[in-house]
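Hydrogens, waters and symmetry mates are skipped; everything else that's a heavy atom, side chains included, is used. For the single chain, residues carry numbers from 1 onward in sequence order.
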Amino acid sequence: MKRHDPEQGAGYIWHRSSVRVSKAAELLEVDICTIYRAIRSGDIEAHFVGKRGIRVFADSLRNYQERNLVAPRSRSKSSRQRPRSRPHSVQYQEAEAFLRDQGVL
């Protein structure tokens with residue numbers, strides 16, 4: 001992360017748009033932890049605001065996405081798959097068979 005360097009001159013003003021980490025995660029459709037990890041690794045540039053605030057540079061997010069480090073999610077229903085069901089235990093199968101015999105199922 002970059003901090004303001006006072007040696008660059010008193011009249012130096014930084015004009016790069018930035019967003020909060022939560023907004024960056026929302027834009028890239030990833031978890032906040034992924035953004036923090038990318039900041040620590042240097043894949044995304046960010047800067048401090050105050051003591052604890054971190055802002056991510058918007059152009060850095062675009063570059064990160066263009067480098068294909070984030071694969072876009074598809075929104076189509078056909079890509080969504082039902083989770084696989086686990087095989088039932090022997091006890092479950094026996095209970096299900098009993099209920100079928102009793103006419104409950």
Side-chain angles (χ1 to χ4, degrees):
M1 285 181 271
K2 299 194 180 217
R3 293 186 182 268
H4 175 69
D5 187 6
E7 293 180 12
Q8 290 182 343
Y12 181 78
I13 299 174
W14 218 343
H15 286 291
R16 283 175 78 185
S17 60
S18 60
V19 295
R20 292 179 181 203
V21 173
S22 59
K23 182 67 175 178
E26 181 183 321
L27 290 170
L28 295 181
E29 296 180 345
V30 296
D31 191 59
I32 291 175
C33 295
T34 304
I35 300 295
Y36 283 118
R37 196 176 313 117
I39 291 170
R40 277 194 305 273
S41 70
D43 291 332
I44 293 178
E45 292 180 71
H47 64 99
F48 290 96
V49 177
K51 288 185 178 182
R52 298 178 58 189
I54 297 175
R55 297 284 179 122
V56 178
F57 291 115
D59 58 343
S60 179
L61 280 179
R62 278 191 295 279
N63 294 339
Y64 183 76
Q65 196 170 22
E66 287 171 3
R67 289 191 310 257
N68 294 324
L69 296 175
V70 174
R73 289 187 197 174
S74 64
R75 296 282 185 179
S76 65
K77 289 185 179 181
S78 63
S79 66
R80 295 182 196 157
Q81 296 178 354
R82 288 181 70 189
R84 289 185 176 178
S85 61
R86 295 185 302 187
H88 296 296
S89 66
V90 174
Q91 291 87 4
Y92 180 88
Q93 292 171 352
E94 290 173 354
E96 189 176 36
F98 174 78
L99 293 173
R100 272 200 199 108
D101 291 342
Q102 296 297 318
V104 177
L105 292 179

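- Remark: S41 pairs with D43 by the side chain to side chain donor-acceptor pair (under 3.5 Å) rule, at least two apart or across chains.
- Here I32 pairs with V21, S22, A25, Y36 under the side-chain contact (heavy atoms from CB on, under 4.5 Å) rule; sequence neighbours left out.
- In this view, E94 satisfies the salt bridge (charged side-chain N to carboxylate O under 4.0 Å, His left out) rule with no residue, not counting sequence neighbours.
- Counting only heavy atoms from C-beta outward, the side chains of L27 and K23 approach each other to under 4.5 Å.
- Note that CG of N63 and CZ of R67 are 6.0 Å apart. Values are rounded to the nearest 0.5 Å.
- Using a 4.5 Å cut-off between side-chain heavy atoms of Ile, Leu, Val, Met, Phe, Trp and Tyr, with links allowed through other members, F48 and L61 fall into the same hydrophobic cluster.
- Residues in residues 53-62 take part in these side chain to side chain donor-acceptor pair (under 3.5 Å) pairs, two or more places apart or across chains: R16-D59.
- Here CD1 of I54 is found 11.5 Å from CD1 of I35. Values are rounded to the nearest 0.5 Å.
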